[in-house]
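The figures that follow rest on heavy atoms only: side chains count, while hydrogens, waters and symmetry mates do not. First the proteins, then the strands, lettered A, B, ... as listed; each starts at 1.
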2 protein chains.
Amino acid sequence: MRNYAHPDLADVTIEHALHALSDPVRLDIVRQLDRAGEASCAALDGGRPKSSMSHHFRVLRSAGLVHTRIAGVQHMNTLRREEVDKRFPGLLDAVLGVKG
Amino acid sequence: MRNYAHPDLADVTIEHALHALSDPVRLDIVRQLDRAGEASCAALDGGRPKSSMSHHFRVLRSAGLVHTRIAGVQHMNTLRREEVDKRFPGLLDAVLGVKG
DNA sequence: TTGATAGTTCGTATATAATCGAACTATAGG
DNA sequence: CCTATAGTTCGATTATATACGAACTATCAA
């Protein structure tokens, strides 16, 4: 794998984004990326198997929420904050702002 | 069925709400209720079978998004706008504001 | 009380998603 | 080249959702 394809946000539906965010593991990833700014897959696995994490990162990428950059042996992930904010104004603020 | 139980919004997780909103049929229902203010189940079915609609309304109610009031033979639905806005500030604005 | 209407519940079929081990790929360092 | 590390892909299993016909319940009106 040389690098990832990241969808144009214009091609991502709100349903797709909401589905990606509705899983607790993925929501946790998104929250951590929001704080950390950038993190490898392993840094966010919380003890879960690599293949499960790989699946969740793929879903997050396909929903346009996460960008993954290959840096040597690590895959570094970031939230596509600005683009998502442009496509779905207020969505991430709302989702990340919730307590409990 | 005499009347429905509607959950306290405090007991609804953001994951639950996002999941309820991530289905196209339900999102359509929510959009229509946002415009119409109140509507019967039949008014929103778009030709789909009653049992399918009943399922989607149940999911929307369990996620705290929709209130259903029995009025004679009809079940009238409304968005629980204020309560949802209090629990998840900005979420409905973001979801309902999206075009495309 | 009969019939019509609105919606639920049940049961089942089907589709979609989550989980995770095992084998694989790619990169870096010794 | 060998090995360790990070992550992917595959495949199977299991869980969760959706879809919807059929039978049922509740209300209203004639």
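One finds no side-chain N or O of A/Ser51 lying less than 4.0 angstrom from the OP1 or OP2 phosphate oxygen of C/dG21. Between C/dG7 and B/Tyr4, no contact under 4.0 Å exists linking OP1 or OP2 to a side-chain N or O. In this model, the phosphate group of C/dA18 is approached by a side-chain N or O of A/Arg26 to a distance below 4.0 Å at OP1 or OP2. In terms of phosphate contacts, A/His75 brings a side-chain nitrogen or oxygen within less than 4.0 Å of OP1 or OP2 of D/dT8. Distances shorter than 4.0 Å separate none of the side-chain N or O atoms of A/Arg48 from OP1 or OP2 on C/dG21.
No engagement by B/Arg69 is indicated, since no non-hydrogen atom pair under 4.0 Å with the nucleic acid exists.
Judged by distance alone, the side chains of B/Thr68 and B/Arg61 do bring a donor and an acceptor atom under 3.5 Å apart. Side-chain contact of B/His67 with B/Arg80: a donor-acceptor pair under 3.5 Å is absent, judged by distance alone. Looking at B/His16 and A/Ser22, their side chains never bring a donor and an acceptor atom within 3.5 Å of each other.
Nearest-nucleotide positions on DNA chain C for A/Lys50 and B/Ala39 put B/Ala39 closer to the 5' end. Residue whose closest nucleotide on DNA chain D sits further toward the 5' end, between B/Ala71 and A/Cys41: A/Cys41. Along DNA chain D, the nucleotide closest to A/Ser54 and the one closest to B/His56 are compared, and the more 5′ of them pairs with A/Ser54.
Distance CG (A/Asn77) to C1' (D/dA6): 12 Å, rounded to an integer number of Å. For the pair B/Phe57 CZ and D/dA17 C1', the interatomic distance rounds to 18 Å; values are reported in whole Å. The separation between B/Arg58 atom CZ and C/dC10 atom P is 9 Å, rounded to whole Å. When rounded to the nearest whole Å, the span between CG of B/Asn3 and P of C/dG7 equals 16 Å. At whole-Å resolution of the value, NE2 in A/His55 and C1' in D/dG7 are 15 Å apart. Separating the CD atom of A/Glu15 from the P atom of D/dT18 is a distance of 13 Å, rounded to the nearest angstrom. Regarding B/Gln74, its CD atom lies at a distance of 10 Å from the C1' atom of C/dG7, rounded to whole Å. Here the P atom of nucleotide C/dG7 and the CD1 atom of B/Ile29 are 12 Å apart, to the nearest Å.
From B/His55, atom NE2 reaches atom CZ of B/Arg48 across 12.0 Å, with rounding to the nearest 0.5 Å.
Among the nucleotides C/dG21, D/dG7, C/dA18, the one closest to any side-chain atom of A/Pro49 is C/dG21. Taking only side-chain atoms of A/His19, from C-beta outward, the nucleotide of D/dA19, D/dT5, C/dA17 with the closest atom is C/dA17. Nearest to the side chain of B/Val73, among D/dC20, D/dT8, D/dA26, sits D/dA26.
A/His75 and A/Tyr4 have perpendicular rings, their planes meeting at more than 60° on a 0 to 90° scale where under 30° would count as parallel.
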